[in-house]
J.: 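Structure provided below as C-alpha cells; questions to follow.
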Amino acid sequence: MSKLSKLKPIVRLSVVNPDTESNSVFGRGIASLCIGVRDTGSLNAAAKSMGMAYSKAWRIIKDTEAALNVQLLYRDGAHGSRLTEDCEQILAAYQAIEEQLQSQAEDSFEKQVDGQ
C-alpha cells in the first residue's frame, strides 16, 4: 500500500450570490451554524457548541443573509431561532452536493494516485 493511498482530498463548496460584491458565502461554517440552530433551536447554543461567540455567529448570519439576499433564520428573541424554508432548501442542497462532490473527489484521487 502506497503512503499516498492514506491521503484524502477535502472538497470545499460555497454558495454565492453573483449579483453581490460581498465576500460572504454559504459554506461549511454557516452550514454548521444552521445545523446547530436546527438541532438546538438557538443560535447562541449553536455558536457555543462550535466554540464561537454569539456576537460572531450573529454577524456571520447577518453578513451571509445580506450577501445572499435571503433570510436564513427566524428569530424569536428569548425563545430562540429556527431555520427559514429558504435556509432549509439551501442547506439540503448544500449537504447533498457536498457529499456527492466529496465522494467523487475521493474516487478520483484514489484512481490518480494508484495510476489508473
Side-chain angles (χ1 to χ4, degrees):
M1 180 195 285
S2 161
K3 65 181 176 184
L4 298 181
S5 64
K6 294 180 182 180
L7 302 178
K8 177 180 176 182
I10 300 293
V11 173
R12 302 256 184 236
L13 176 66
S14 297
V15 177
V16 302
N17 179 348
D19 295 333
T20 185
E21 295 180 13
S22 172
N23 290 330
S24 293
V25 300
F26 190 102
R28 183 167 288 157
I30 194 85
S32 294
L33 265 177
C34 291
I35 291 166
V37 169
R38 185 179 60 199
D39 292 348
T40 66
S42 164
L43 179 58
N44 190 28
K48 284 182 180 176
S49 74
M50 294 175 67
M52 182 185 303
Y54 173 76
S55 59
K56 181 176 182 179
W58 175 256
R59 187 177 68 251
I60 290 169
I61 292 287
K62 293 303 288 176
D63 289 350
T64 305
E65 287 179 333
L68 298 181
N69 195 29
V70 173
Q71 183 178 354
L72 298 174
L73 299 182
Y74 293 119
R75 298 162 192 88
D76 190 15
H79 295 77
S81 300
R82 61 185 172 88
L83 304 185
T84 64
E85 192 173 315
D86 286 341
C87 184
E88 290 280 8
Q89 288 180 318
I90 293 168
L91 183 59
Y94 177 89
Q95 290 179 300
I97 293 166
E98 184 182 48
E99 184 178 313
Q100 178 184 14
L101 291 175
Q102 183 63 41
S103 178
Q104 290 172 346
E106 289 173 16
D107 290 346
S108 181
F109 186 80
E110 185 178 323
K111 289 176 185 171
Q112 293 294 323
V113 297
D114 287 345
Q116 295 178 2

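Note that the numbering runs from 1 along the sequence shown for the chain.
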J.: Which atom names give the shortest non-hydrogen contact between R38 and L83, and what distance separates them?
T.: CB-CD1, 3.8 Å
J.: Counting N and O atoms only, with roles assigned by atom type, does the side chain of S32 sit under 3.5 Å from a partner on the main chain of R28, one being a donor and the other an acceptor?
T.: yes
J.: Quick one: pull up CD1 in I60 and CE in M52 and give me the separation to the nearest 0.5 Å.
T.: 4.0 Å
J.: Please report the interatomic distance CD(E85) to CD1(I90), rounded to the nearest 0.5 Å.
T.: 11.5 Å
J.: For A46, does its backbone N or O pair with a side-chain atom of S49 as donor and acceptor, under 3.5 Å?
T.: yes
J.: Hey, which of L72, L73, I61 is the one that makes side chain to side chain contact (heavy atoms under 4.5 Å, CB included) with V37?
T.: L73
J.: State the CZ-CG distance between R75 and L43, to the nearest 0.5 angstrom.
T.: 7.5 Å
J.: Quick one, V113 and L7 - any side-chain contact, counting heavy atoms below 4.5 Å?
T.: no
J.: Would you give the length of the straight line joining atom OG of S81 to atom CG of N44, rounded to the nearest 0.5 angstrom?
T.: 9.5 Å
J.: Would a distance-only check, ignoring hydrogens and angles, find a side-chain to backbone donor-acceptor pair under 3.5 Å from T40 to A45?
T.: no
J.: Under 4.5 Å between side-chain heavy atoms, chaining through other members, with only Ile, Leu, Val, Met, Phe, Trp and Tyr counted: pull out the rest of the cluster around V25, sorted by chain and number.
T.: V16
J.: Under the rule for side chain to side chain contact (heavy atoms under 4.5 Å, CB included), what residues qualify as partners of I97, not counting sequence neighbours?
T.: L13, L101
J.: Using the ring pair (Phe, Tyr, Trp, His ring centres under 6.0 Å) rule, collect all pairs that involve residues 67-107, keeping only residues at least two apart or in two chains.
T.: F26-Y94
J.: Enter the distance from N17:CG to N69:CG here, rounded to the nearest 0.5 Å.
T.: 6.5 Å
J.: Applying a strict under-4.5 Å side-chain criterion to I, L, V, M, F, W and Y, I'd like to know whether V15 and V70 cluster together.
T.: yes
J.: Hey, what do you get for CG (L91) to CG (L33), rounding to the nearest 0.5 Å?
T.: 11.0 Å
J.: Is the CD atom of E99 crowded by more than 12 outside heavy atoms at less than 6.0 Å?
T.: no
J.: Kindly check if the number of other-residue, nucleotide or ligand heavy atoms within 6.0 Å of CG (N23) is above 12?
T.: no
J.: Provide the closest heavy-atom pair for C87 versus C34 in the form atom of the first, atom of the second, distance.
T.: SG-SG, 3.5 Å
J.: Report the C-alpha distance between Q102 and E106 in whole Å, list the side-chain angles of each, state the deciding distance to 0.1 Å, and finish with yes or no for side chain to side chain contact (heavy atoms under 4.5 Å, CB included).
T.: CA-CA 6 Å; Q102 183 63 41; E106 289 173 16; 2.9 Å; yes
